[in-house]
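So the structure is just underneath, and the comments pick up after that.
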Amino acid sequence: QERPITGTVSDSQGMPIPGVNVTVKNAPNRGAQTDFDGNFTINAANNEVLVFSFVGLTRVERTVGTATVLNVTMQEDSESLDEVVVVGYGVQAKRDVTGSISQVKGDEIANLVTPSFEAQLAGRAAGVQVTTQSGIIGETPRFRIRGIASITSGTYPLIVVDGIPIYTGDLGGYASNNALGDINPTDIESIEILKDGSATAIYGSRAANGVVLITTKSGREGRMTINANTSVGFATPISKFDLLKTADFITISNEKRTNRNAATLWAAGTEFDTDWQDAVLNNSALQQDHNVSFSGGTSNTTYYLSLGYSNQESVARPNDMERYSFRSNIDQKIKDWLSVGVNAGLTRTEYNGLNTGTNSLSGNIFNATRQHPNVPIYNADHPSGYNIGYRGTDGNWLSENLVGPWDNLALIGDNLPNIMYAIENNNYYSKINRIISNVYADVKPIAGVNFRTQVSVDQANTSGFLYWSPVHGDGQSTNGRVQNNNTDLTRWNWQNILSYNNTFADAHTVGLTLINEFQKQRNQSFFATGTDLSDTFFNKNLISNSYGIPGSGGGLTENGFISYAGRFNYNYANRYYLQATLRRDGLSSLPEANRFGTFPGVSVGWTVSEEAFMDGVDAVNDFKIRGSYGKVGNVSIGNYPYLGLYGAAKYGDANGIGYAQFGNNNLRWETSTKYDVGFDLRMFNNRFTFNFDYFLNETDDLILDLETPMSLGIPNNSYSANIGAIKNSGVELAAEARIIQTQDFTWNLNANISFVDNEVVSLVNGQDRIAANNFTITREGEPINTLYGFRYWGVNPANGNPVYYKADGSLVQGMLPGGTYTTFDAANPAAAGTAASLSAAADRTLLGQTLPKYFGGLSSSMAYKGFDFGFLFRFSGGNKIFNATRRDLLNMNFTNNSTEILGRWQSVENPGDGWTPRLYWGTNTTTNLSSSAYSRFVEDADFIKLDNITLGYTLPSDISQRMGMSKFRVYAQAQNVWIITDYSGADPEMEIAGVDLNLTPRSSIVSFGLNIGL
Amino acid sequence: CTEENVLELEPFNQVSEDAAFSTPALIELSLTGMYNAAQRGDYVGQGRGYPFGAASIQQGDNRGEDVVNTQTFYQLTYTGTYDPSTLNNVFMWSDTYRLINRANIVIQGVNTAIENGVITQEVGDDYLGQAKFMRAIAHLELISHFAKPYETSGSNSNLGIPYREIPFTTEANIEAGIAQGRNTVHEVYTKIIADLDEAEGLLKTKAERGGTLGIVRATMEAAIAYKTRAYLHMREWQKVITEGEKILGDYSLTADPNDVFENGYNNSESIFSMENTANNNPGVNAALGSQYNRRALVVISPIVWRNEFWLPNDLRRSEDLVSMRSGIPHTNKYKDDVNYSDATPLMRYAEVLLNVAEAYARLDRLAEALDLLNEVRDRSLPAGAASYSAFGSKEDLLRAIIAERRIEFVMEGKRWQDIHRLQVDTFVDYDGVPAKVANGFPPASAYTLGTPYSGPYGVEAIPYSDFRFLWPIPQQEMNNNPNMVQNPGWE
């Protein structure tokens, strides 16, 4: 007999949940919803079963029994079948998705200390590679989805925040900064990564590198929830270079001289043993992050408001970042058929930077690793207070742009200034005001139809400042320098989306989305400079009349596109799926004839588990096979790549214009064709999930710089043309297991691994492209940026000369002091060889691919009563790195070296490690072959890292409630703390295009935090 | 939101090529832009003074033995350890052709503009003269680095460099340019002379240009002066004299050898210099005032410092022109070590005098040669010092002239072209690049005057027969130009 049953539904933290559907199993006409306070009333009989369901929470079934009050706790379910996934211009139920989309929930990364959220995506999603290449806060991590889809155009994915395609990369000023750093990670609800052709085709011309959709949090109907999070931590460099201390430094430096029979020695004086690395790095960089958010709503209005403050010091002095963020997401229902809303994110992000030039005299690591350990940093005797220059016999200071030699007998090599002067006196900053905001209206004229119009803007206004002191370092040569600049980036976007969804005859579900989109951006900047400063006093801004030579400049670019797109979805009985999309984009960056491009995508899915013949297979809850195809484009090709242009070109102070770009009226889209097949499997009551994808992305009509012979004098010796093709293929596997699920103890494991194979299919005339640094090559049939150089044999045990292989396998030795080669006979090393050569054109060979062949992650989360414990391991491998830092540290000039140099050849009796040649000053080009890559410094980059590990404790809810809180959690965590690798450098992720050169070490962070709910 | 305002966007920062020669003002800007390519150039996206803003001087000096490279900056050039991808030689090639292409664009654009009546024939002629002048001197600079010297004997069919005479703004012209291959040394010099002859007829004179422009822009006199240099390379001694005599007396040496540097933009001696200003110069990594003066990356070598022809009290050793720092002579020719506004001296009257002096001597007109040599040398002699009287032989006189060039033009980048052209001579015992002092600051004791420097040398000589005597054609060129032949030994 039916009777009223009442109760309250709350979440795992004890918060009531409004809007939960409560139904009686097998009696669909008797339904109810929980009210504002989570209460419900429903009529049911004792033997009936109540079903509680809510998006994002695990469905709960309860037999009524004799109770009249039934309180239910619903657990959050990140893999709920009913869960929705954000797709382009809409959402879809996860089970209906036939494209390849990875989802990362905001709370997975919410408490991690990070300058920008995407850095924490590494290892969390199959096919997604995010690499933080240095410890500099503000440098944009490398972000790749399924390999590298272009050679010279952009390779960064399209980032869309709440439907707003935002600016990415550096936003201007004089300190490195990252456009994604303006998004407070705490505000993120979920991150969807669209990977295959079908999922990305709706973004058409912008999707070649994949699309990342970020959804910020929104309010839910119910009473106000206040969440406060705070964390404080300290960062330290993950590792430092093993440099010579004073005693060894003196031995090695003087041996460089005596081996060359130089009249005077170099190094003397043991008064100091200065650790210059320690001086430029910060061993306890403070990192703090504080957030508070307010969310809630009524039946007509929901809101999410948040404030955030973050201040992160970097391990590199004086680099840091300070961010103030504010977000207001509000939805207002005006009529049943009309609602409006706004998502507004406002941030102020300030970065202090420094010179990190990997080949700059005042580059922090370049310089600090070369400084003499036997001299002090400071010298009270010098007017500046720093150890700078030396007193000549007449008492005047000399060589004041070099670090002081102290007791050494010669000035430092490589013209190095005292780096600490630059670190402590020069100034670089970027201060960014950013608005990422949209306003929209949703209209539902008839059932099943929705029309949305959304106007959005991404506006970044950056002011930058640079000051180089006239006293010493970079600014000394111009008697100081001040620069201010302003960069104003504005992107308007207007989208109109008409969608229709309906189900016919209980089986045919049809969806149609029509989209029209306009976008226009205008980027403008100007700068002013002053050199020849009147005094170091004027070091905070350009101050009128405080400098001798003024300068100024600026520029303005625009681009825009117009698009029309449609998406059609059909499924029959949740069993057979079809999705087709078509987008037509017109882009201002292409010549009129080729301006519009059409980008189709299609995918199909078959949910095998819904078939009758699977009914008996209880172990399988869901099994879907998918396949997709899509064609997308790349708009990161510059603003006017097809025009022949003349740019400003002054001679002396006279204005002029000069030929600046060769025009190509045949330029057209770069198109990427993407194929994907895969399956999704859930088993054993949804406790095990397994996803598999095979993908193939073929990019054709690559826009490459078609190199023209230098002797034609064409600007940049190249022009843009559609030549070339590149292919990425691979396999992605992702698995999740809820290993233990009891009341008190839960343990989930997540793992993913991806294998990506990159191949350059065709290039201009089949011609190799050698990188500007001369270390890597892009060659048909090989992965992009493959290491390219000479093969090293070792050291001639008879005389300490370096020995190399020629292409034919024969050996030649570099004759010190250099410039010439003779043949070498390993059986008779002492024999004088005959004249030979080592040819850059003929004797270089491939030394290994720089792209990882595989990468992935393994994460675990455990909860026992109030305790939670989680970690993430990440791994990558199959690639090689050219360790150019290591080579730099074996410099033959009068600079410090790494301890590796102690293995040098000294004599026939004492031949050292067989790998490090004889010391000989001034012979870097021969001893260390400094203009090429070669196998002596090529190393395996395989690694496994413990990316983060967290231990937390949440007070039982009855205790926290007594304290007036709904939640109180305290946690400790460590990030980037442990690495297993054979790589000898600081970190195998510290490479740019396969080359490790003088980057600031990444940081390890230990932090403590609190999460409080009110 | 219409296609017109979203898609049909024109650049704001640059002028479309359809418009570049459409008005007299834009044409004048393009002409200035040609000089920009000479003054600033492009070095991996930066202006580093390639080829004539500073780099031609630095490369010309560092290939020779009269300077010492103290740091790693010019080490590859200094020690001859470059290869086909070494940036210093690559950008000399790339930037010089970039300048040549701008000159050819000006020639084509100006000719069209004259035809269309946009500018007058008279204005156009001066523009054409300037473009042809720059085209000629650019090729002249390149050929001494990348090709063998001009030989008067034999077929003289040694490979030169491509002499570019069409603008590369269309794909059709690119194909024609690639088809061209390398001209012979003989062809290149013939074309240089043809361009300079034409420029002489078209260009305004120094007086017509007036003031600084008479020095920093091409003039009729500059074209003639460059012909004395080109004919000297071609060993056409009589023609050196014929050209030189056209302008002998039109210029005069400054009273003090420092004045031509102190007042680089306003003096009686400079024939052609590149203009650098505080706002627009080759920068800290190239400007002469930075590299040679403030940063002391290159100093005067004991080899020339102790040259027996250089008198101890010669004014060219005075504090105005040389600063002794820790006993090591640094040039002081480039004064502005903060704002780098020194002119880059490319052609001085002193060179014309010595060019003609050498030609006279070669033709056994020794008295006339001696007069001109003394004119240059006497300016720098202290009061009471004697001029040269007659030399014992023609060879002795020639050796004195060559020595005078090294002393007068030390740190002005002229050493390499002399080393290069003198390889085919017999009166001087030149075989390739002479041995040099080791890279780094030499000890002060190495500069003690009294005896010629006799070592130690740290950089071995490179014989003329050695492939390293010539720079390799850049690898980029070899990769992209199927008709380009690499210099032997660099393949």
Side-chain angles (χ1 to χ4, degrees), chain A residues 263-264 392 398 414-415 477-479 494 518 520 532 548-549 551 555-562 586 588 595 639-640 643-647 649-660 662-663 707-714 717 767-768 772 774 817-819 840-841 893 922 925 931, chain B residues 1 3 6-7 9 11-17 20 29-30 32-33 35-37 39 44 71-72 76 79-81 83-86 93-94 97-98 100-102 105 162 168-169 174 177-178 216 275-280 284 290 294-295 338-339 439-440 443 474-477 479-481 491:
Chain A
T264 52
L398 298 171
D414 293 348
N415 259 332
S477 57
T478 55
N479 192 31
W494 180 25
F518 301 92
K520 186 165 177 186
D532 198 3
I549 305 296
L556 169 63
T557 59
E558 284 187 337
N559 77 42
F561 68 78
I562 294 179
S588 65
R595 195 158 274 169
N639 294 308
Y640 316 100
L643 285 174
L645 294 174
Y646 284 67
K650 283 170 94 88
Y651 168 46
D653 286 339
N655 290 323
I657 56 173
Y659 194 36
F662 184 94
E707 283 195 0
T708 52
M710 285 178 163
S711 66
L712 303 183
I714 287 168
N717 300 308
Q767 194 79 244
D768 292 343
N774 218 8
N893 298 333
T925 50
S931 59
Chain B
C1 291
E3 284 199 20
V6 176
L7 297 185
L9 304 178
F12 300 99
N13 298 343
Q14 287 148 321
V15 181
S16 161
E17 65 186 347
L29 290 178
S30 276
T32 312
Y35 287 99
N36 162 276
Q39 185 215 347
V44 204
Q71 302 290 345
T72 47
L76 300 180
T79 56
T81 43
D83 65 34
S85 26
T86 304
W93 176 270
S94 171
Y97 276 113
R98 183 169 171 269
I100 292 166
N101 198 34
R102 285 201 182 168
I105 288 169
F168 296 106
T169 53
I174 289 177
I178 290 174
V216 303
E275 183 178 15
N276 298 300
T277 65
N279 285 315
N280 185 16
V284 65
S290 168
R294 176 181 285 263
R295 296 178 66 183
V338 172
N339 295 322
N439 198 77
Q475 197 59 40
Q476 198 274 10
E477 182 79 32
N479 289 346
N480 295 294
N481 188 343
E491 292 90 350

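Naming: A, B, ... by sequence-line order, numbering from 1 per chain. Quantities reported herein were computed from a predicted structural model and do not represent experimental measurements.
A/Phe662 places a side-chain heavy atom less than 4.5 Å from the side chain of B/Ile174. Counting heavy atoms from C-beta on, the side chains of B/Tyr97 and A/Asn717 never come closer than 4.5 Å. Side-chain contact check for A/Ser931 versus B/Asp83: some heavy-atom pair is nearer than 4.5 Å.
Going from atom OH of A/Tyr651 over to atom OG1 of B/Thr277 covers 10.0 Å, rounded to the nearest 0.5 Å. One distance of note links CD of B/Glu477 with CG of A/Leu712; it measures 7.0 Å at 0.5 Å rounding. To the nearest 0.5 Å, atoms OH (A/Tyr659) and CD (B/Glu17) are separated by 5.0 Å. Residue A/Thr708 holds its OG1 atom at 6.5 Å from CD of B/Gln476, rounded to the nearest 0.5 Å. Separating the CG atom in A/Asn479 from the CZ atom in B/Arg294 is a distance of 7.0 Å, to the nearest 0.5 Å. Put simply, OG1 on B/Thr32 and NZ on A/Lys650 are 10.0 Å apart, with the number rounded to the nearest 0.5 Å.
The minimum heavy-atom distance linking B/Glu491 with A/Ala841 is given by the pair C-CB, 4.0 Å. The minimum heavy-atom distance between B/Ser94 and A/Met710, with the atom names listed, is CB-SD, 3.7 Å. Considering all non-hydrogen atoms of both residues, B/Gln71 and A/Asp414 come closest at OE1-N, 3.4 Å. Closest approach of B/Asn279 and A/Gly551 over heavy atoms only: OD1-CA, 4.3 Å. B/Val284 and A/Ser477 get closest at one heavy-atom pair: CG2-OG, 3.0 Å. Closest of all the heavy-atom pairs between B/Leu76 and A/Thr925 is CD2-CG2, 2.9 Å.
In this structure A/Asp653 satisfies the salt bridge (Lys or Arg N to Asp or Glu O under 4.0 Å) test with no other residue, sequence neighbours excluded.
For the options A/Ala840, A/Gly586, A/Ser711, heavy-atom pairs under 4.5 Å to chain B are most numerous at A/Ser711. Contacts with chain A were tallied for B/Thr169, B/Ile100, B/Thr81, B/Asn481; B/Thr169 has the most, counting heavy-atom pairs under 4.5 Å. Per-residue counts of heavy-atom pairs under 4.5 Å with chain A were compared for B/Ala20, B/Ser30, B/Gly80; the largest is that of B/Ser30. Counting heavy-atom pairs under 4.5 Å between each of B/Asn276, B/Asn439, B/Asn479 and chain A puts B/Asn479 at the top. Among A/Gly658, A/Gly663, A/Gly392, A/Gly647, the residue making the largest number of heavy-atom pairs under 4.5 Å with chain B is A/Gly658. Put simply, of A/Gly644, A/Gly560, A/Gly555, the one with the most heavy-atom pairs under 4.5 Å next to chain B is A/Gly644. Contact count against chain B (heavy-atom pairs under 4.5 Å) is highest for A/Asn415 among A/Thr264, A/Ile714, A/Asn415, A/Thr478. Heavy-atom pairs under 4.5 Å with chain A peak, among B/Arg102, B/Gln475, B/Arg295, at B/Arg102. By number of non-hydrogen pairs under 4.5 angstrom with chain B, the leading residue of A/Ala660, A/Ser588, A/Gly922, A/Gly548 is A/Ser588.
No donor-acceptor pair closer than 3.5 Å links the side chain of B/Asn480 to the backbone N or O of A/Pro709.
Within the 4.5 angstrom heavy-atom criterion, atoms from both the backbone and the side chain of B/Leu9 approach chain A. When heavy atoms are compared at a cutoff of 4.5 Å, A/Asn655 approaches chain B by way of both its backbone and its side chain. With a 4.5 Å cut-off on non-hydrogen atoms, B/Ala278 touches chain A through its backbone and its side chain both. Only the side chain of A/Leu643 comes within contact range of chain B, with at least one heavy atom under 4.5 Å from a heavy atom of that chain. The contact between B/Asn339 and chain A is made entirely by side chain atoms (from C-beta outward), counting heavy-atom distances below 4.5 Å. The parts of B/Pro11 that come within reach of chain A are both its backbone and its side chain, each placing non-hydrogen atoms under 4.5 angstrom from that chain. Both the backbone and the side chain of B/Val216 have a heavy atom closer than 4.5 Å to some heavy atom of chain A. Looking at A/Gln767, the atoms closer than 4.5 Å to chain B (heavy atoms on both sides) all sit in the side chain, from C-beta outward. Interface residue A/Ile657: backbone and side-chain heavy atoms are both found under 4.5 Å from chain B.
Using modelled atom types and a 3.5 Å distance limit, the side chains of A/Asn893 and B/Thr72 yield no donor-acceptor pair.
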